[in-house]
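I have placed the structure first, in the form of structure tokens, so that the comments after it can refer back to it.
What you see below is based on every heavy atom in this structure, not just the backbone, and it leaves out hydrogens, waters and symmetry mates. Throughout, protein chains are lettered first and strands after them, A, B, ... in sequence-line order, and every chain is numbered starting at 1.
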Amino acid sequence: MPQSPLSVPTVEAVDQPQQRFMLVLSQIPPGRVCSYGRLAELAGLGRGARLVARWLGQLPAGSRLPWHRVVNAQGRISLPADHPSHAEQLQRLQDEGIVLRNGRIDLRRHGWPDTH
DNA sequence: CTTATGACGTGGT
DNA sequence: AACCACGCCATAA
């Protein structure tokens with residue numbers, strides 16, 4: 001039997017890849033970040049890092065999903081520096097207490113899920 | 001059907 | 001650190 005509809009679904013229980021992507025995205029805690037590639041793996045998209053990037057850019061306008069908690073594997077914001085959302089992402093991350101050194105986030109400290 | 005394109009990742013130089 | 005080539009995979013043209 002499937003779990004109660006009122007409980008949070010597990011990634012394996014969701015059949016639509018795009019829904020799994022949104023589910024995992026929703027689970028990144030405040031103050032933490034996840035890379036495109038890691039998010040893809042967790043969502044069962046294999047090496048679909050670029051697919052994650054595409055879908056992030058297509059999230060509905062009013063979405064409450066934490067799109068800003070996704071950065072590249074080097075801990076850097078991947079949005080172009082001249083893109084207005086770049087500044088918003090930086091602002092949101094800093095508001096959550098994330099520290100950037102030379103434009104980079106220490107993934108060993110803020111990366112999610114934990115590696116050690 | 002073939003190419004091009006991403007808010008990417010990895011491995012090699 | 002910087003650069004590059006390739007792999008990746010859904011979408012668009």
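- For the pair Gln58(A) CD and dA7(B) P, the interatomic distance rounds to 10 Å; values are reported in whole Å.
- Candidate nucleotides dG9(B), dA7(B), dA10(C) were compared by shortest atom distance to the side chain of Leu51(A), and dA10(C) ranks first.
- Trp55(A) and Leu59(A) fall within the same hydrophobic cluster, where Ile, Leu, Val, Met, Phe, Trp and Tyr residues are linked whenever their side-chain heavy atoms come under 4.5 Å apart, directly or through other members.
- The side chain of Arg104(A) lies closest to dA1(C) when the candidates are dC8(B), dT10(B), dA1(C).
- Interface remark: the Arg50(A) side chain does form a donor-acceptor pair with the dG7(C) base, using a distance-only criterion of under 3.5 Å.
- Picking from dA7(B), dT5(B), dT10(B) the nucleotide with the shortest atom distance to the side chain of Arg54(A) gives dT5(B).
- Put simply, CZ on Phe21(A) is 13 Å from C1' on dA10(C), counting in whole angstrom units.
- Side-chain atoms of Met22(A) and Leu65(A), non-hydrogen and from C-beta on, do get closer than 4.5 Å to each other.
- Computed from coordinates, the Leu45(A) CG to dC8(C) C1' distance equals 12 Å when rounded to whole Å.
- Residues Leu25(A) and Leu56(A) are in side-chain contact: their nearest non-hydrogen atoms beyond the backbone lie under 4.5 Å apart.
- For Arg92(A) and Glu96(A), the salt-bridge test fails: no basic side-chain N is under 4.0 Å from an acidic carboxylate O.
- If you measure from atom CD of Gln74(A) to atom C1' of dA2(C), you get 12 Å, rounded to the nearest angstrom.
- Between Asn72(A) atom CG and dT10(B) atom C1' the separation is 13 Å, expressed in whole Å.
- To the nearest whole angstrom, the two C1' atoms, one in dA7(B) and one in dA13(C), are 22 Å apart.
- Within 4.0 Å (heavy atoms only), Ser35(A) reaches sugar-phosphate atoms of the nucleic acid but no base atom.
- Heavy-atom nearest nucleotides on DNA chain C were determined for Arg47(A) and for Trp55(A), and the one closer to the 5' end corresponds to Arg47(A).
- A 4.5 Å side-chain heavy-atom check between Pro113(A) and Leu42(A) finds at least one atom pair inside the cut-off.
- When the P atom of dC8(B) is taken as reference, atom CG of Leu39(A) falls 13 Å away, rounded to whole Å.
- The nearest whole Å value for the distance from the CD atom in Gln18(A) to the C1' atom in dT11(C) is 13 Å.
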